[in-house]
Student: 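Dropping a structure here in structure tokens format, bear with me for questions.
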Amino acid sequence: MSRIQDTVAELHRLPGVKGAALITNDGMVVAAALDDRFEPEVIAGLASYLLMTTQRCLAEGGLGKATHYVLTATHGKAIVETFDDSSLVVMVDQFVDLGRTEAEVREAAQRIRRASRIA
Amino acid sequence: MHLIQRMKVWKELRQLEQRAREEPSPSTFVDLGQVYINLDMHDKAQRVADDGLALFPRSAELRQLADCARRGTSRQRAADLRARLTRSPNPKTYRELAQLYIDLGDAASLHALCQEWSVRFPEDAGAWMAIGQARLLNFYRDLAAREGQEAVRCLERAVRMDGKDAQSRRLLGEVLYRIGAVRSAQVHLRALQELDPADAEVEALLRHVAGLADQGDDVRALLGGVEEQGCLVHPPPPVAASAPRQEESVARVREGLATVAEIEGVRKATFIKGSRALVKGAIRDGRDPFLRVVRVVAKAAHRFARRLDIGNASKTVVDGDFGHICVCVYGDALAGAQCDRGTDLDLVMAELQEVVAGALHMVAGEGA
């Protein structure tokens, strides 16, 4: 558990990253490191809605499962990496180097997968 | 409001917010917004109205809610500015507050404010301009000669006090030519052009005015004539014909979609506005799941971004076993593409952005 929290905290320390949270599919927070402006429960609830809605729609259309998600908004971006029953949500600012940060997020997701298997 | 009442209201708010999330409809958003308005939380009501309008852009009741919330926010802002003026009066704050009163249609407060403004800063022409602007609005609405006379008097005084104030000159020039005093109007419009020779709008206005018949410079008589006839003498300049026509927009969208579909790796592409969609690529019919996925992804992303206060979600990319689904949103127009792994996503997103930008003037009503 502490390795997952460490991974999430490491992500938060990256330039341009405003916060990271590991959430379950039903909107519970497993680990989070976020700027003060973001509430972990709010991020968890909204990300859960976003992912479940998308996954359900993809499944109904026979398209399979979404594994990675990048949302670009006017004042920020969100990168989401999905696991079987949870997801890693990373909030970044609008100026971040997306390619580099996505690579870091994928690497962090691998570490979380490994840590979850050991736990 | 005592504690128990407050707790009840918060409980009701939570329930309404949940309802708006789970069963979004104009009435659920309006109910929620109304509670926020009752609590004087107009900014939250405004956000609820914006969220609702993003999902139901044609809802009249949501538009009313947005208007009510906007007015509430303006009133709160006006109260703040009023308090600030009491502590430290300055022309900039007077100007801002006057504009708020004009927007709110609060003539009594505006009049009192401008009196105070002109007593404290007698050299500042702003108070006369603000009163003139408010009177002018009334004149254009009712075509009452008396309002017109007051508007012209105040604007002329503002121009005399500060000949470099472009807004007073513009308003005065416009009202003068609309009532038939074309030559007098040209004097002000030329002075306006001298202030900013690069202003294309003023140049177009001068060209428009040059072709109109002058009916003298007796403003009082001209205004009387307008009131009697019930209409202004000259029309405003025609709207610049830069906006492409609907057919051109549709053609542009079709071309844009064809360009997207030609990118290597792109399997399907669509443009959606309202209930209609234009499609390119391997799409069977309107029931193709890809179309629904594009709509759902755009809506969910919009809600996520707005609730987290990071603005409007303009681009979304979803990866999975199916490859990539890219969605680009501008206002109520969506463009989406499904592509294989390894496709140049930057290029796809750039082309989708072109498609939605090119469709700004398109009216929903064209389908595939």
Side-chain angles (χ1 to χ4, degrees), chain A residues 16 18-19 21 23 27 34-82 87 89-96 98-99 102 105-106 109, chain B residues 14 17-18 20-22 24 50-51 54-55 267-268 283-284 287-331 336 338-339 341 345-346 349-350 352-353:
Chain A
K18 300 289 172 196
I23 59 157
L34 297 156
D35 280 5
D36 291 341
R37 62 173 284 212
F38 295 120
E39 290 285 334
E41 287 77 18
V42 175
I43 293 267
L46 290 172
S48 160
Y49 167 79
L50 173 74
L51 294 165
M52 296 315 289
T53 314
T54 308
Q55 299 287 30
R56 196 185 313 139
C57 184
L58 287 168
E60 283 170 7
L63 290 167
K65 197 177 170 235
T67 52
H68 185 77
Y69 201 110
V70 181
L71 182 157
T72 304
T74 328
H75 308 300
K77 297 173 184 175
I79 304 168
V80 183
E81 192 72 28
T82 65
S87 302
V89 183
V90 182
M91 301 299 300
V92 297
D93 68 31
Q94 66 268 47
F95 309 111
V96 83
L98 202 55
E102 273 190 278
V105 171
R106 284 184 205 274
Chain B
R14 272 204 306 275
E17 276 182 349
Q18 195 175 353
R21 269 200 307 272
E22 290 171 357
D50 289 345
D51 283 354
L55 292 172
R267 280 188 266 160
K268 304 173 180 185
I283 296 182
R284 290 191 306 270
R287 289 189 298 271
D288 193 293
F290 165 67
L291 299 179
R292 183 160 175 258
V293 169
V294 170
R295 281 182 206 274
V296 167
V297 166
K299 266 190 187 174
H302 172 83
R303 184 178 290 188
F304 179 85
R306 293 306 297 264
R307 289 290 164 98
L308 282 180
D309 214 9
I310 57 170
N312 291 320
S314 53
K315 295 177 195 170
T316 310
V317 179
V318 184
D319 302 347
D321 304 332
F322 47 83
H324 310 280
I325 288 180
C326 308
V327 181
C328 195
V329 183
Y330 197 104
Q338 185 178 345
C339 22
R341 283 168 192 269
L345 293 185
D346 289 340
M349 290 309 279
L352 290 177
Q353 205 166 352

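Here is the naming used below: chain letters follow the sequence lines, and residue numbers restart at 1 for every chain.
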Student: With respect to chain B, which residue among A:Ala73, A:Gly61, A:Ala66, A:Gly62 yields the maximal number of heavy-atom pairs within a distance under 4.5 Å?
Tutor: A:Ala73

Student: Against chain B, label A:Tyr69 side chain, backbone, both or neither, depending on which of its atoms sit under 4.5 Å from a heavy atom there.
Tutor: both

Student: For B:Gln338 versus A:Leu63, what's the shortest heavy-atom pair and its separation?
Tutor: NE2-CD2, 3.9 Å

Student: Please identify each residue that fulfils side-chain hydrogen bond (donor to acceptor under 3.5 Å, both in side chains) with A:Gln94, with sequence neighbours left out.
Tutor: none

Student: Applying side chain to side chain contact (heavy atoms under 4.5 Å, CB included) between B:Leu308 and each of A:Arg37, A:Glu39, A:His75, A:Met91, report the one that passes.
Tutor: A:Met91

Student: Mind jotting down which residue pairs meet the salt bridge (Lys or Arg N to Asp or Glu O under 4.0 Å) criterion with at least one end in residues 304-313 of chain B? Sequence neighbours excluded, please.
Tutor: B:Arg47-B:Asp309, B:Asp50-B:Arg306, B:Asp51-B:Arg307

Student: For a side chain to side chain contact (heavy atoms under 4.5 Å, CB included) with B:Phe304, tell me which candidate from A:Leu46, A:Ile43, A:Leu51, A:Val80 qualifies.
Tutor: A:Leu46

Student: Name the option with the most non-hydrogen atom pairs under 4.5 Å to chain B; the candidates are A:Lys65, A:Lys18, A:Lys77.
Tutor: A:Lys65

Student: Of the non-hydrogen atoms in A:Leu71 and B:Ala301, which two are nearest, and what is the gap between them?
Tutor: CD1-CB, 3.5 Å

Student: Considering only heavy atoms, give the residues of residues 53-60 of chain A separated from chain B by less than 4.5 Å, sorted numerically, with 'none' for an empty result.
Tutor: A:Thr53, A:Thr54, A:Cys57, A:Leu58, A:Glu60

Student: Which answer fits A:Ala47, side chain, backbone, both or neither, if we ask what part of it has an atom under 4.5 Å from a heavy atom of chain B?
Tutor: both

Student: Can you list, pair by pair, the side-chain donor-acceptor contacts under 3.5 Å of residues 315-327 of chain B, counting residues two or more places apart and other chains?
Tutor:
| residue | atom | partner | partner atom | Å |
| --- | --- | --- | --- | --- |
| B:Lys315 | NZ | B:Gln353 | OE1 | 3.4 |
| B:Asp319 | OD1 | B:His324 | ND1 | 2.8 |

